[in-house]
Amino acid sequence: MKITWYFFAKMRVKQMKLLKVHGSGNDFYMLDAQTLERQLTETEIRQLAVNICDRKNGLLDGADGLLWVDRADHVGPIGRMRVINADGSEASMCGNGLRCVARYLAQQNQTQSFAVQTMEADLPVAKMPNLAPDVATYQAHIAPVSFKAADLKMHVNHEAETLVDQAIDELDSDLKFTAVAVPNPHLIAFVDQATLESDQLGELGRYLNDGQNPIFPDGVNVSFVRVLGKNEIFVRTFERGVGYTDACGTAMSASSLVSVLLHADQVTNNTEITVKNPGGMVKTKVHHQVAGGEDYIDLIGNATFVRTVELSLADALEHQFENTVVVETGEQTAYEAFVQSLTK
Ligand SMILES: N[C@H](CCC[C@H](N)C(=O)O)C(=O)O
């Protein structure tokens with residue numbers, strides 16, 4: 001009798017359904033807030049992210065963050081995306097995540113081109129031709145763009161207004177940096193292969209995200225970039241609120257823009273750029289001051305749905321992950337075949 005009661009009790013509790021997704025290996029749990037049995041407080045949303053994303057003790061293999069999908073709060077966009085990093089901090093934007101949210105909303109609403117509300121802007125997204133067989137592919141519009149220190153919450157070189165291809169006096173580094181917000185903050189340096197592969201990126205990332213440093217008190221995403229050839233770059237990123245990730249969509253977009261500005265002989269404005277990263281590859285197209293307009297970047301890449309994970313909201317908030325129902329989609333195999341094809 002006890003067993004029957006247990007399963008009846010389990011059935012009665014509405015299960016929370018999470019979707020494990022990734023863009024170029026940058027992985028997230030996605031949650032449609034409208035499917036929840038109740039509203040969550042801000043504290044609960046952050047606690048949920050920290051609990052399920054933990055790589056060691058989290059939900060299955062953890063994640064880089066939580067994509068919180070909700071109804072838009074004004075006319076125009078068909079949904080809203082919030083981005084909570086693995087450490088519980090909220091970011092204004094997530095390029096890889098926006099492609100995955102775009103796919104989810106496209107399928108929910110039977111449409112292929114629309115806008116998604118984000119913290120600072122309603123951003124156009126669109127379904128695109130697959131990058132490879134069974135690799136669902138979407139485009140996200142990355143904006144607004146700013147080089148202003150105030151928008152980056154950056155304090156360098158005696159309160160300089162901008163930082164473009166310059167050393168940072170307050171840093172013990174001979175690298176030259178460019179800082180740009182898209183709108184989350186990015187610090188970018190062009191390096192050689194040996195530096196790209198070293199942990200110099202991690203040393204910088206850990207210091208600039210320690211919450212104590214005077215340069216980026218709110219932290220910053222740090223990327224090392226190498227120009228591989230004509231309209232082809234490699235970007236490796238240490239993300240604010242996460243650490244090393246396989247890819248960072250806003251970082252790859254920002255790095256594409258800075259490559260157009262500083263390496264125009266190799267990387268061209270208004271032209272498709274191949275951006276390779278530890279998790280695979282995306283395409284970008286930089287729109288820099290076209291007809292005097294605002295800068296923006298098109299980010300095109302996979303939006304892979306790996307598995308669904310069902311568990312009770314109460315268990316997830318209490319860091320209890322024994323009772324989960326996991327269903328694989330099978331898409332990861334196609335994505336891995338795509339990544340394999342890049343090395344051929
Ligand atoms: N860690 C970032 C947010 C996630 C961005 C990244 N995953 C992307 O694809 O753009 C920040 O705190 O600004």
Side-chain angles (χ1 to χ4, degrees), residues 21-28 64-65 67 81 83 93-103 106 116 118 123-143 145 180 182 184 186 188 196 221 223-239 242 244-260 263 266-288 295-306 331-332 334-344:
V21 304
H22 75 76
S24 215
N26 185 205
D27 63 342
F28 306 92
D64 292 330
L67 299 172
M81 173 186 79
V83 188
M93 185 42 196
C94 178
N96 289 322
L98 182 55
R99 298 199 311 272
C100 297
V101 170
R103 177 181 172 190
V116 177
T118 66
L123 297 176
V125 295
K127 185 173 182 345
M128 301 294 278
N130 286 0
L131 279 174
D134 298 325
V135 177
T137 303
Y138 279 74
Q139 174 172 293
H141 178 109
I142 306 295
V145 172
V180 59
V182 292
N184 58 338
H186 291 273
I188 292 158
L196 186 69
N221 301 286
S223 294
F224 281 178
V225 184
R226 186 161 170 241
V227 179
L228 299 175
K230 192 77 179 144
N231 293 315
E232 188 175 10
I233 63 176
F234 191 100
V235 181
R236 186 185 181 207
T237 304
F238 184 100
E239 283 196 43
V242 195
Y244 282 120
T245 57
D246 272 356
C248 175
T250 47
M252 294 188 284
S253 302
S255 299
S256 297
L257 171 59
V258 176
S259 297
V260 164
H263 296 275
Q266 294 257 64
V267 186
T268 319
N269 199 19
N270 290 313
T271 310
E272 191 173 87
I273 301 165
T274 297
V275 185
K276 293 189 171 175
N277 55 71
M281 177 271 278
V282 299
K283 300 273 189 185
T284 57
K285 182 179 279 190
V286 173
H287 302 268
H288 170 53
D295 286 358
Y296 69 93
I297 306 104
D298 293 327
L299 172 67
I300 301 121
N302 74 301
T304 297
F305 290 0
V306 180
E331 292 185 21
Q332 187 57 14
Y335 183 74
E336 285 166 7
F338 162 62
V339 173
Q340 283 300 315
S341 72
L342 298 175
T343 51
K344 288 193 177 96

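Since the structure is predicted, the reported quantities are computational estimates derived from the model, not experimental observations.
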Side chains of V282 and R99, heavy atoms from C-beta outward: is any pair under 4.5 Å? yes

Does any non-hydrogen side-chain atom of N96 lie less than 4.5 Å from one of F28? yes

Under a 4.5 Å cut-off applied to non-hydrogen side-chain atoms, are M93 and M81 in contact? yes

Would N277 and S24 count as a side chain to side chain donor-acceptor pair (under 3.5 Å) if you check the C-alpha gap in whole Å, the side-chain angles of each, and the deciding distance to 0.1 Å? CA-CA 8 Å; N277 55 71; S24 215; 3.0 Å; yes

Restricting to non-hydrogen atoms, name the atom on N231 and the atom on T268 that form the minimum distance, rounded to 0.1 Å. OD1-N, 2.7 Å

Output side-chain donor-acceptor pairs under 3.5 Å for residues 244-258, partner residues at least two apart or in another chain, one line each.
from : atom 1 : to   : atom 2 : distance (Å)
Y244 : OH     : D199 : OD1    : 2.4
Y244 : OH     : G202 : N      : 2.8
T245 : OG1    : E239 : OE2    : 2.9
T245 : OG1    : A247 : O      : 3.0
T250 : OG1    : N184 : ND2    : 3.1
T250 : OG1    : H186 : NE2    : 2.9
S253 : OG     : G249 : O      : 2.9
S255 : OG     : A251 : O      : 2.7
S256 : OG     : M252 : O      : 2.7
S256 : OG     : T284 : OG1    : 2.9

Can a side-chain donor-acceptor contact be found between H287 and D298 if the only test is distance below 3.5 angstrom? yes

Between E331 (side chain) and F305 (backbone), is there a donor-acceptor pair under 3.5 Å? yes

Set of salt bridge (charged side-chain N to carboxylate O under 4.0 Å, His left out) partners for R236, sequence neighbours left out: none

Looking at every non-hydrogen atom in both residues, tell me the closest pair between F338 and M281 and how far apart they are. CZ-CE, 3.9 Å

What residues, two or more places apart in sequence or in another chain, satisfy ring-ring contact (aromatic ring centres under 6.0 Å, His included) together with F224? none

Heavy-atom donor-acceptor pair, N26 side chain to G97 backbone, under 3.5 Å: no

So which heavy atom on T137 is nearest to which on V135, and how close? OG1-O, 2.8 Å

Nearest heavy-atom contact between V225 and S259 is CG1-OG, 4.3 Å

Any chance you could measure M128, atom CE, to Y138, atom OH, to the nearest 0.5 Å? 11.5 Å

Begin with the C-alpha distance, continue with both residues' side-chain angles, and end with the deciding distance and a verdict on side chain to side chain donor-acceptor pair (under 3.5 Å) for K283 and T274. CA-CA 5 Å; K283 300 273 189 185; T274 297; 3.0 Å; yes

